[in-house]
Amino acid sequence: QVQLVESGGGLVQPGGSLRLSCAASGFTLDLYSVAWFRQGPVNERTGVSCISGRDGGTYYADSVKGRFTISRDYANHTVYLEMNGLKVEDTAVYYCATDWHTACMVVGGTVRGVYEYWGQGTQVTVSS
């Protein structure tokens, strides 16, 4: 059974950093792509980053490129999202997602794709 559990969210000042974790079970990270999405208080859910299962390629939305880094740890079955230079507009609930059939892609400056499995989300608040 595929399960995803996010953690690491919190309150941080503008310019600060956080590392989100997505603990994965029920599938192998080298076969499934894993993406991070976020949903702000008034915005629809949008994709911010993705790591490809087969080749480990990384993909980023234009809004986070150069500030966020996605990575995976096979030993801990975890995908991370390192977030630096955080801005007020990064405030959102962050979700990780995976799907056997979905490859990472960036379209129109955002990560896209249809994902079947989702975590419960972790809140990130950027505020002074």
Side-chain angles (χ1 to χ4, degrees):
Q1 180 180 1
V2 173
Q3 288 190 322
L4 301 167
V5 179
E6 302 95 334
S7 62
L11 173 64
V12 63
Q13 293 185 341
S17 299
L18 281 175
R19 187 177 77 161
L20 305 184
S21 299
C22 174
S25 61
F27 67 99
T28 55
L29 293 178
D30 57 353
L31 292 179
Y32 285 56
S33 296
V34 176
W36 284 95
F37 286 75
R38 67 186 180 186
Q39 185 166 14
V42 296
N43 301 327
E44 64 182 9
R45 190 174 297 186
T46 59
V48 297
S49 186
C50 186
I51 186 164
S52 175
R54 296 187 183 277
D55 62 11
T58 57
Y59 301 74
Y60 299 95
D62 290 349
S63 60
V64 306
K65 198 176 296 182
R67 299 187 297 123
F68 290 12
T69 302
I70 191 170
S71 62
R72 61 188 178 184
D73 182 340
Y74 289 111
N76 292 313
H77 303 284
T78 301
V79 173
Y80 300 100
L81 186 68
E82 184 78 34
M83 306 186 296
N84 299 310
L86 282 163
K87 305 175 181 180
V88 172
E89 51 264 42
D90 293 318
T91 295
V93 178
Y94 284 72
Y95 302 88
C96 59
T98 192
D99 191 287
W100 167 252
H101 300 287
T102 303
C104 292
M105 67 181 78
V106 174
V107 179
T110 63
V111 169
R112 305 278 187 164
V114 177
Y115 291 85
E116 180 176 359
Y117 302 100
W118 294 80
Q120 83 289 350
T122 185
Q123 176 70 47
V124 172
T125 302
V126 185
S127 175
S128 56

Enquirer: With sequence neighbours left out, what residues match Val107 under side chain to side chain contact (heavy atoms under 4.5 Å, CB included)?
Expert: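 With neighbours one apart ignored, the set is Met105, Arg112.
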Enquirer: Hydrophobic cluster membership, with links at side-chain heavy-atom distances under 4.5 Å among I/L/V/M/F/W/Y: are Phe27 and Trp100 in one?
Expert: yes
Enquirer: Can you get from Val93 to Val12 by hopping between Ile, Leu, Val, Met, Phe, Trp and Tyr side chains that sit under 4.5 Å apart?
Expert: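 In one cluster with Val93: Val12, no.
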Enquirer: Between Tyr117 and Val79, is there shared hydrophobic-cluster membership here, with clusters defined by ILVMFWY side-chain heavy atoms closer than 4.5 Å?
Expert: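 The answer is yes; both residues are in one hydrophobic cluster.
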Enquirer: Thr28: what forms a side-chain hydrogen bond (donor to acceptor under 3.5 Å, both in side chains) with it, not counting sequence neighbours?
Expert: Asp30
Enquirer: Show every disulfide bond (SG atoms under 2.5 Å apart) that has at least one partner inside residues 98-128, sequence neighbours left out.
Expert: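 Non-adjacent pairs meeting disulfide bond (SG atoms under 2.5 Å apart): Cys50-Cys104.
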Enquirer: Do you know the tightest heavy-atom contact between Ser49 and Leu81?
Expert: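 Ser49 and Leu81 have their closest heavy atoms at CB-CD1, 4.0 Å.
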Enquirer: Please report the interatomic distance CZ(Arg72) to CG(Leu29), rounded to the nearest 0.5 Å.
Expert: 6.5 Å
Enquirer: Might you point out which heavy atoms bring Val111 and Ala61 nearest each other, and give the distance in Å?
Expert: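 Where Val111 meets Ala61 most closely, the heavy atoms are CG2-N, 4.1 Å.
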Enquirer: In chain order, what residues pass the side chain to side chain contact (heavy atoms under 4.5 Å, CB included) check against Asn76, with sequence neighbours excluded?
Expert: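 With sequence neighbours excluded, Asn76 shows a side chain to side chain contact (heavy atoms under 4.5 Å, CB included) to Asp73, Thr78, Tyr80, given in chain and number order.
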Enquirer: Apply side-chain hydrogen bond (donor to acceptor under 3.5 Å, both in side chains) to Ser52 and list each qualifying residue two or more places apart in sequence or on a separate chain.
Expert: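 Checked Ser52 against side-chain hydrogen bond (donor to acceptor under 3.5 Å, both in side chains); matches are Asp55.
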Enquirer: Could I get the full list of salt bridge (Lys or Arg N to Asp or Glu O under 4.0 Å) partners for Asp62, not counting sequence neighbours?
Expert: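 Applying salt bridge (Lys or Arg N to Asp or Glu O under 4.0 Å) to Asp62 gives Lys65.
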Enquirer: Going by the ring-ring contact (aromatic ring centres under 6.0 Å, His included) test, which pairs reach into residues 49-74, not counting sequence neighbours?
Expert: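 Sorted result for residues 49-74: empty, none.
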Enquirer: How would you list, by chain and number, every residue that makes a side-chain hydrogen bond (donor to acceptor under 3.5 Å, both in side chains) with Thr125, sequence neighbours excluded?
Expert: Gln123
Enquirer: Compile the donor-acceptor pairs under 3.5 Å between side chains in residues 31-42 and protein atoms, sequence neighbours left out, one pair per line.
Expert:
from	atom 1	to	atom 2	distance (Å)
Ser33	OG	Gly53	N	3.3
Arg38	NH1	Asp90	OD1	2.8
Arg38	NH1	Tyr94	OH	2.9

Enquirer: Please list every donor-acceptor pair under 3.5 Å in which a side-chain atom of residues 2-9 meets a protein atom from a residue at least two apart or in another chain.
Expert:
from	atom 1	to	atom 2	distance (Å)
Glu6	OE1	Gln120	N	2.9
Glu6	OE1	Gly121	N	2.9
Glu6	OE2	Cys96	N	2.8
Glu6	OE2	Gly121	N	3.4

Enquirer: Just wondering, do Asp99 and Val114 contact through their side chains at under 4.5 Å, heavy atoms?
Expert: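 No. Closest side-chain heavy atoms not under 4.5 Å.
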Enquirer: Would you list the atom pairs, donor with acceptor, under 3.5 Å between side chains in residues 13-22 and any protein atom, with sequence neighbours excluded?
Expert:
from	atom 1	to	atom 2	distance (Å)
Ser17	OG	Asn84	OD1	2.8

